Protein chains: 2
Amino acid sequence: MKNKALQEQRIRGYFIDATKEILKSEGLKSVSVRNIAEKAGYSFATLYNYFKDAKDLVFLCVQDFQEECSAHVATRSAKAARGEKKLRAILLAYLEYFVQYPGIFELFFMEKLSDLNKQPDTAPMITGFLDKLCEEEWKYLVANKTVTTAAAANKKVALLYGLSGLLLLYINRQTPSGYPAFLKTANTFIDSQLKDMTT
Amino acid sequence: MKNKALQEQRIRGYFIDATKEILKSEGLKSVSVRNIAEKAGYSFATLYNYFKDAKDLVFLCVQDFQEECSAHVATRSAKAARGEKKLRAILLAYLEYFVQYPGIFELFFMEKLSDLNKQPDTAPMITGFLDKLCEEEWKYLVANKTVTTAAAANKKVALLYGLSGLLLLYINRQTPSGYPAFLKTANTFIDSQLKDMTT
DNA sequence: TTGAAATTTGAACAGTGTTCATTATTTTTG
DNA sequence: CAAAAATAATGAACACTGTTCAAATTTCAA
């Protein structure tokens, strides 16, 4: 009787779609049990039959948003020449996506994950996301002896932490103030991290 | 009639102290208008006679916590030799403070500031805090020609963003997992940023 | 002491999440 | 097909949240 499972998955999908819609339009602050349920066409109580939490539901959107971000990064970095150029394009497109959707940055990096979310390991999925986006280019650079594996590893984490902090302060503390200044700071930071590829 | 002003300031102090107490013990999630007021010994409605918001009140704690953090950094870095050693000690003590009080990191970097908080410019106060802590050491290093002013400026921002991101991911996403791993990552990152002081 | 001004307060309202007994629907069985 | 059993959907209820405002209280000067 797999109809049961199919129907159940469909209904879960309605709730997830409703949540995604709210997240992208009104943002995380407008996500509420009653809000989601209304958009999904069910009572708020029904949500609890399919999900432990609204938070639980919210974190199920992470994968979808990652795919969307991946697509955005892919198109924005398609023209760039392989290697460092492409890596730079990927990093900038990554920043661009979160600047466009601050609510998704909030969801990825600021929202506390509830206990059940630890089960499907949402946290490593998020922290490993940038690595996955850059994976191919780092491989390429290591293969071409532009950078050593060890140096690449260091640069990867420095970029992850640096870009996370940059987005955090830009989105939450208006530092730098204004998108042009943000872009300039981002480029300067990426420059400094990609220098001395063999160090 | 300056008694008026004095008494008013005293009462404001009761509310601020209550808020600080809650922030350090239960954390930001437990900060509520009724919660603060009860600890302060007043009705929840009274809070609105002295502050626009509970958020407003919360951000008034920033300065006090910065002073506390400064003191912690000072004692923890007192023994270090001037220059790079001391700079490292400052950075590690800075991290240490926020790891000890994740609620204060939340307040400094994650909590959205309301409109009134933009008036006393809380945001630059927060983003400039690390710079202020390190100011003397950077001056020393520049004076000793260990690093150029331009290179120092770049390293300052890279450290600010990197450490912010590191704390963000450690506190919110358990990455790295465990304090020893966190310390190792922090040291590696600081190493990479302080290398090539003349570049 | 009295009256006016200032301060403190709780009621009220609109939100929030969550649980659970009741209702409605669907599925299975006779 | 009809009755019974299983499943799913629901809204009432409770405990919170922030915020406003008229009423109660306190303060203080005349």
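Naming: A, B, ... by sequence-line order, numbering from 1 per chain. Being a predicted model, the structure only gives us computed values, none of them experimental.
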Shorter than 3.5 Å, N or O on both sides, protein versus nucleotides 25-28 of chain D: list them out with atom names.
none

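Between A:Tyr48 and C:dC20, a side-chain N or O to OP1/OP2 separation shorter than 4.0 Å is absent. In this structure, B:Ser43 reaches the C:dG10 phosphate: one of its side-chain N or O atoms is under 4.0 Å from OP1 or OP2.
The nearest whole Å value for the distance from the CG atom in B:Asp53 to the C1' atom in D:dT17 is 13 Å. Between B:Phe44 atom CZ and D:dC16 atom C1' there is a gap of 13 Å when expressed in whole angstrom units. In this structure, the CZ atom of A:Arg10 is 15 Å from the P atom of D:dA8, given to the nearest Å. Rounded to whole Å, the distance from OH on B:Tyr50 to C1' on C:dT7 is 7 Å. The separation between B:Asn49 atom CG and C:dT8 atom P is 6 Å, rounded to whole Å. Atom CZ in B:Phe15 sits roughly 12 Å away from atom C1' in C:dT7 (whole-Å rounding). A:Phe51 has its CZ atom 16 Å from the P atom of C:dT19, to the nearest Å. Atom-to-atom, CG of B:Leu47 to C1' of C:dT8 comes out at 13 Å; the value is rounded to the nearest Å.
A heavy atom lying under 4.0 Å from DNA chain D marks the following residues of residues 33-42 of chain B, by number: B:Val33, B:Arg34.
Here ring-ring contact (aromatic ring centres under 6.0 Å, His included) pairs that include residues 136-181 of chain A, with residues two or more places apart or in two chains, are A:Tyr170-A:Phe182, A:Tyr179-A:Phe182.
For the side-chain contact (heavy atoms from CB on, under 4.5 Å) test, residues two or more places apart in sequence or in another chain that qualify with A:Ser70 are A:Phe129, A:Leu133. Annotation: salt bridge (Lys or Arg N to Asp or Glu O under 4.0 Å) contacts of A:Arg76 (sequence neighbours excluded): A:Glu96. For A:Leu160, the side-chain contact (heavy atoms from CB on, under 4.5 Å) partners at least two apart in sequence or on another chain are A:Leu130, A:Ser164, B:Leu169. Contacts of A:Lys24 classified as salt bridge (Lys or Arg N to Asp or Glu O under 4.0 Å), with partners at least two apart in sequence or in another chain: A:Glu68. Applying the ring pair (Phe, Tyr, Trp, His ring centres under 6.0 Å) rule to A:Tyr94 yields the partners A:Phe98; only residues at least two apart in sequence or on another chain are considered. Partners of B:Lys112 by salt bridge (Lys or Arg N to Asp or Glu O under 4.0 Å), not counting sequence neighbours, listed by chain and number: A:Glu106. Residues passing the salt bridge (Lys or Arg N to Asp or Glu O under 4.0 Å) test with A:Glu111: none are found, sequence neighbours excluded.
A rotation axis mapping the C1' atoms of four pairs onto the next four is fitted at both ends of the helix from C:dT1-D:dA30 to C:dG30-D:dC1 over five pairs, and the angle between these axes is 30° to 10 degrees.
The closest side-chain heavy-atom distance from B:Leu113 to B:Lys55 is not below 4.5 Å.
Closest to the A:Ile11 side chain, of the nucleotides C:dT18, D:dA9, D:dT19, is D:dA9.
Using a 4.0 Å heavy-atom distance criterion, B:Ser32 is classed as a sugar-phosphate-only contact.
Here the side chain of B:Ser177 pairs no donor or acceptor atom with the backbone of B:Thr175 at under 3.5 angstrom.
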In a table with atom names and distances, give each donor-acceptor pair under 3.5 Å that connects a side chain of residues 34-51 of chain B to protein atoms at least two apart or in another chain.
{"from": "B:Asn35", "atom 1": "ND2", "to": "B:Ser30", "atom 2": "O", "distance (Å)": "2.7"}
{"from": "B:Ser43", "atom 1": "OG", "to": "B:Ala45", "atom 2": "N", "distance (Å)": "3.2"}
{"from": "B:Thr46", "atom 1": "OG1", "to": "B:Ser43", "atom 2": "O", "distance (Å)": "3.4"}

